[in-house]
Amino acid sequence: MAFNDILPSIRSAAPLVHCITNYVTVNDVANVLLAAGARPIMADDPEEVEEITELCAGLCLNIGTLNARTIPAMMAAGRHAHALARPIVLDPVGAGASRLRTATARDLLYEVKPTAVRGNISEVRTLAMGTGHSDGVDAAAADAVTEENLAASASFVRAFAAEHRCIAVVTGAIDLLTDGETCYAVRNGRAEMSRVTGTGCQLSALTAAALAAVPVRPLDAALTAVVLMGVAGEIAWSRMGAGDGNAAYRTKIIDAICCMDEEMLMRRAQVEQV
């Protein structure tokens, strides 16, 4: 396991990443990409998404605030990126919460064939089975990955990745990511990160940036993004002071990513193969 060169590669390549993401978190997604050394572009009009995608090294599709205009935009951008062999990250936010959301996420999975799927365990189960449940955009408590069900959860995620020939990134208290063969558990991060909206959206964009910078090593790229986000959450929490709340925490997470170096990332990484 060697992924210490991925963050410097992002900063040296400065990949342009096209994000069709949700309007709740779009500004934070742009800023976290800049903090990591990538360059964001947000374009979601169907009339231009293919042209924008062609300019970019990677694509992130996030269905958090999907609507009748953005669904065809995501499909067009995704198909074009696939035809160009550009890495694509699908973030199926809230899959299982509504029929439209579930159907859109599954359509994107099968039509676009993403390089990576990044979601919580309930979202990925919904993608796998065509039906599911969630707590709004959060994972259902019954689905949570725990130490007790870690082996079974890893087996499920590995099978999903193998079936869809993608990197599967399932995030929660314990993060799991796999290419269908090798599977890693990551125990970085803080529970308090759930108080900041959009940390998952930010991670999906970081994953797209890492894949764009080092497309020949997709599992290492995804692993770097997961560890980077988790370590940033830990560092940011350690810097919280009296009177700091979730708005300060949000900013400190982005600052921690901006100031991260590979030595700090590797020293704090809590990764094991499962």
Side-chain angles (χ1 to χ4, degrees), residues 1-21 25-43 51-62 77 80-82 84-91 114-116 118 166-167 169 171 175 177 179 182 184 186 188-189 198-236 251-271:
M1 181 181 60
F3 59 95
N4 58 304
D5 60 324
I6 305 292
L7 182 57
S9 295
I10 297 172
R11 289 178 170 153
S12 62
L16 187 61
V17 180
H18 182 192
C19 301
I20 303 180
T21 188
T25 64
V26 62
N27 183 261
D28 288 349
V29 167
N31 279 317
V32 84
L33 284 172
L34 291 168
R39 295 173 295 140
I41 184 168
M42 277 63 177
E51 291 176 83
I52 297 299
T53 295
E54 193 149 346
L55 297 173
C56 295
L59 174 67
C60 181
L61 301 175
N62 177 309
H80 199 53
H82 180 76
L84 295 169
R86 305 278 165 77
I88 305 162
V89 175
L90 172 62
D91 187 337
T115 313
R118 202 295 311 165
C166 69
I167 304 298
V169 181
T171 50
D175 303 319
L177 63 155
D179 58 2
T182 303
Y184 294 117
V186 180
N188 289 107
T199 52
C201 303
Q202 292 171 41
L203 173 55
S204 293
L206 287 173
T207 303
L211 288 167
V214 192
V216 297
R217 293 165 55 201
L219 186 59
D220 286 347
L223 180 60
T224 300
V226 171
V227 174
L228 176 61
M229 196 72 202
V231 170
E234 295 167 1
I235 291 171
T251 300
K252 290 177 192 294
I253 290 171
I254 296 172
D255 286 345
I257 289 171
C258 187
C259 297
M260 192 77 65
D261 60 41
E262 57 269 31
E263 186 278 330
M264 183 183 301
L265 189 68
M266 295 302 292
R267 176 166 48 84
R268 298 187 64 128
Q270 298 182 50
V271 180

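Side chains are part of it too, since the values below use all heavy atoms of this structure and drop only hydrogens, waters and symmetry mates. Quick caveat, the model's predicted, so the values are computed rather than measured.
- Using a 4.5 Å heavy-atom threshold, the side chains of I10 and P15 count as touching.
- In this structure, SG in C259 is found 12.0 Å from CD1 in I254, a value given to the nearest 0.5 Å.
- The salt bridge (charged side-chain N to carboxylate O under 4.0 Å, His left out) pairs that include a residue from residues 260-269 are E234-R268, E263-R267, where partners are two or more places apart or lie in different chains.
- Note that CG of N31 and CG of D28 are 6.5 Å apart. Values are rounded to the nearest 0.5 Å.
- Taking 4.5 Å as the limit, some side-chain heavy atom of V227 sits within range of a side-chain heavy atom of F3.
- Minimum interatomic distance between A30 and M42 (heavy atoms only, all atoms of both residues): N-CE, 3.7 Å.
- Closest approach of V226 to V169, counting heavy atoms only: CG2-CG1, 3.5 Å.
- Within the 4.5 Å cutoff, no side-chain heavy atoms of L61 are placed close to those of D91.
- The CG atom of L55 lies 8.5 Å from the CZ atom of R86; values are rounded to the nearest 0.5 Å.
- Side-chain N/O atoms of T53 and H80 include no donor and acceptor closer than 3.5 Å.
- Residues C56 and I41 meet the side-chain proximity criterion, which asks for heavy atoms closer than 4.5 Å.
- Here side chain to side chain donor-acceptor pair (under 3.5 Å) pairs that include residues 207-217, with residues two or more places apart or in two chains, are D5-R217, R217-D220.
- Every residue meeting the side-chain contact (heavy atoms from CB on, under 4.5 Å) condition with R39, not counting sequence neighbours, appears here in chain and number order: A14, L16.
- A distance of 4.5 Å separates CG of L219 from CG of D179, quoted to the nearest 0.5 Å.
- By the 4.5 Å heavy-atom criterion applied to side chains, V89 and T115 are not counted as neighbours.
- For the side-chain contact (heavy atoms from CB on, under 4.5 Å) criterion with D255, the lone passing option out of I257, T251, I253 is T251.
- Summarising the geometry of L177 relative to A222, their closest heavy-atom pair is CD1-C, 3.7 Å, with the distance given to 0.1 Å.
- Looking only at side-chain heavy atoms (C-beta outward), I235 and V231 come within less than 4.5 Å of each other.
- Considering all non-hydrogen atoms of both residues, A13 and A213 come closest at CB-CB, 4.3 Å.
- Between the CG atom of D175 and the CD atom of Q270 there is a distance of 11.0 Å, given to the nearest 0.5 Å.
- The line from CD of E54 to CG of L84 is 5.5 Å long, rounded to the nearest 0.5 Å.
- Nearest heavy-atom pair, A43 versus I20, reported as atom, atom and distance to 0.1 Å: O-CG1, 3.3 Å.
- Counting heavy atoms from C-beta on, the side chains of S204 and Q202 never come closer than 4.5 Å.
- Counting heavy atoms from C-beta on, the side chains of N62 and V29 never come closer than 4.5 Å.
- Heavy atoms only, all atoms of each residue included: C19 and L33 are closest at SG-CD1, 3.7 Å.
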